[in-house]
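Being a predicted model, the structure only gives us computed values, none of them experimental.
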Amino acid sequence: MTTPEPMPAQGASPERRLHPLSWLFVLIKQLKQFIVPLIALFFFGRGDRNELWPLIGVGVLALASVWQYFTYRYRIDGDRLVVRSGLLHRSLRQIPFARIHNVALHQSLLHRIFGVAEVRLESAGGEKPEAQMRVLKLSDAMALEALLRRRGAAAADVAGAEAADEQGELLLQLPLAEVLRLGLISNRGLIVVGGAVAASSQFSPRLIPNLFESAGKMLFGYAGSHHFGPAEYALAGLSLVLGFIALMRLFSMLLALLQYFGFRLVRQGRRLTVERGLLTKLRTSVPRRRIQAWTLREGIVHRLLKRRTLQIDTAVAGKQDDTRGMGELAPVATPPACDALLQHLLPRARWPLADWSGLHRDAWLRLWLPGIAFAFALSAILFWRLGMWGALGLLWLPWAAFVARQHARRAGYAVNDEVVAVREGWWSRHWRFAEIDKLQALRLTRSPLDRRFGMATVHLDTAGAGAMAPPLRIRYLPDAEANALYERLARDVARRPLRW
Amino acid sequence: MSDTPADNAPPTVGNGWQPLPPRALNLFVLANILGFGMIALVAMVPIGLLMPTRSLALTAALIELVALPLFGVWLARKQYRYTRWKLDADGFALRRGNLLRSETRVPASRVQHLDLKHGPLERRYKLATLVVHTAGTRNSAVSVTGLDEADAETLRDRLAHQIDDDDDA
């Protein structure tokens, strides 16, 4: 370790505590889990009293959080944060600023009313955040964050040439219209509906089926009393589907408004900070060099609206299910704006990359194979049910070939001294790239099919790749080319020190 | 797989690619017999339930009780034969498989930590399992079973040595 030993004499600040009301927030968080059964008990009067037993647990938790308030202290000690907690079982945790990857400030509506905030400090790896402070006075939280920003930058770069100016440089801001566009693009509405269904079945398991039954009866009763033709049915079905889609989009837009209102991406020295949220405010900041890989996405709706999404991976554990990490540098932005952002943040990569190489000449054949298998399976099933008409299933073949060709035509990769990038997709496209410095391991694979075609696939592994992020792999390259690329990258990676 | 002579010839040992010690074959065979034996035992349940007559069920059970472990032995020989490792200036590399070929490379500068494991079977044959951990996501642990004990220790020491050189943060 090159980090200097702690020197309490220099730059040590007095110990600080959590906000006096911190126990209240712990309690509220715990109570949230019991609120549904409690309401159900209160209004519907059903269920046995056993549902109240967990409340004893809540009481214990409340006591524990009061206890925590009295025993939890933190102080800044030179280049590190020292957290002292516990009275019987004491623990002292030292977190060097240079090791902190992500600082997240979280402020729900309730937090805002009380003028407090939750702070979370994350270093790479591990299951839990390095420190979670629930809750600090807002001014304390901001002071801590500003300090981390300054000290973290100074500690990470011994040269320290670039002094972080407090204001920072605004890289991206989403006006209201953009936030609404984002809602239009995203499928968050589905999550709302799913959540609503789950919640309502908590209250009354029969609610949803009943609703469907009565709606169905009404519709079919109506349809039964008027004798509609097939055209009318088709029209009714179509309008139902369109109505559903419109509703989804509306929910998505509302959700986007809640989550992304006032989105601002700011660069302060070496840190990137994102602020967003209408009711619950979020502020996360990550040092620029902690970014592990980048993903640029462009779906169909994106293309209709001439927008793209720029996402990043940071090496912080357990962030997949968490909305607090910094996942998006640009939730929605025009392609030139995305490119400008990348040029600014990855200057040596010279984005957009110039020399894209294609895949193996026959890659489309290889991509077609699953389609062929599917077409035969489909027509076999159809043949069994419908007889000769089943042969229509073979129509899938030309369609699959067309899709495969489109995919193969657009897929490709690019490598320069700084980054390696791969692009894939036809309807829904993505570009994924990482700095060569950030690659961790390489793998070259050949299946028997690949060998018959003389192809190989290069897989590149980076830290913190999300489960939803497309893999960084270059599929179906000519054998020799794949080998050369693999060897070259392996050599380059070996020569560069790990900086993450 | 087509059994052409070229496919059956053992892969080249040159260029620093090291084979596993012959003792490791025993380990592979034993592990696979155990594994496939378990599968064969479990498979007796559906056979008993699905086969229409008792004699048919008995035949099927006998066949699979013999065939699955035999397949395991065959697979073990293949696995043993096509596993090769290499340590060079760039780092550690591992080749595996004939049907599904893969080569994994962990540059020395990316090794996070190393585990050396000795199972009871491995201790008996003086073998060890080396697990190379990186900070990556999908290939974050590259594990080699059946290494010679001394080789594994050399590997660990040499790879661990390089970690000390470049801690920058």
A.B. asks: With chain B, which of A:Leu449, A:Asp450, A:Leu439 has the greatest number of heavy-atom pairs at distances under 4.5 Å?
C.D. replies: A:Leu439

A.B. asks: A side-chain contact here means heavy atoms from C-beta on lying under 4.5 Å apart; do A:Leu442 and B:Pro107 qualify?
C.D. replies: yes

A.B. asks: Please report the interatomic distance NE2(A:His459) to CZ(B:Arg138), rounded to the nearest 0.5 Å.
C.D. replies: 10.5 Å

A.B. asks: Let me have the donor-acceptor pairs involving side chains of residues 35-45 of chain B, under 3.5 Å, with sequence neighbours excluded, atom names and distances please.
C.D. replies:
none

A.B. asks: Within the 4.5 Å heavy-atom criterion, are B:Asn139 and A:Gln440 side-chain neighbours or not?
C.D. replies: no

A.B. asks: Examine distances only and state if a side-chain atom of B:Thr137 and a backbone atom of A:Thr462 form a donor-acceptor pair shorter than 3.5 Å.
C.D. replies: yes

A.B. asks: How about CZ on B:Arg124, more than 12 heavy atoms from neighbouring residues, nucleotides or ligands closer than 6.0 Å, or not?
C.D. replies: no

A.B. asks: ring-ring contact (aromatic ring centres under 6.0 Å, His included): which pairs involve residues 41-69 of chain B, sequence neighbours left out?
C.D. replies: none

A.B. asks: Between B:Glu103 and A:Arg446 (salt bridge meaning N to carboxylate O under 4.0 Å), is one present in this structure?
C.D. replies: no

A.B. asks: Taking A:Arg451 for its side chain and B:Leu100 for its backbone only, find out whether a donor-acceptor pair lies under 3.5 Å.
C.D. replies: no

A.B. asks: Do you know which of B:Ser140, B:Ser102, B:Gly136 has the most heavy-atom pairs under 4.5 Å to chain A?
C.D. replies: B:Gly136

A.B. asks: Under the 3.5 angstrom rule, does the side chain of B:Thr104 hit a backbone N or O of A:Leu444 as a donor-acceptor pair?
C.D. replies: no

A.B. asks: So what's closer than 4.5 Å to chain B heavy atoms on A:Leu489: side chain, backbone, both or neither?
C.D. replies: neither

A.B. asks: Keeping B:Asp90 on the side-chain end and A:Ala494 on the backbone end, is there a donor-acceptor pair under 3.5 Å?
C.D. replies: no

A.B. asks: Please report, to 0.1 Å, the donor-acceptor pairs under 3.5 Å made by any side chain of residues 415-424 of chain A, with sequence neighbours excluded.
C.D. replies:
unit_1: A:Asn416; atom_1: OD1; unit_2: A:Glu418; atom_2: N; d: 2.9
unit_1: A:Asn416; atom_1: OD1; unit_2: A:Val419; atom_2: N; d: 2.9
unit_1: A:Asn416; atom_1: ND2; unit_2: A:Ala349; atom_2: O; d: 3.0
unit_1: A:Arg423; atom_1: NE; unit_2: A:Arg410; atom_2: O; d: 2.7

A.B. asks: Quick check: under 4.5 Å, non-hydrogen atoms only, which of residues 469-482 of chain A neighbour chain B?
C.D. replies: A:Ala469, A:Pro471

A.B. asks: Could you tell me whether B:Arg77 atom CZ has more than 12 heavy atoms of other residues or ligands within 6.0 Å of it?
C.D. replies: no

A.B. asks: Could you tell me the separation between the CG atom of A:Leu498 and the CZ atom of B:Arg110, rounded to the nearest 0.5 Å?
C.D. replies: 5.0 Å

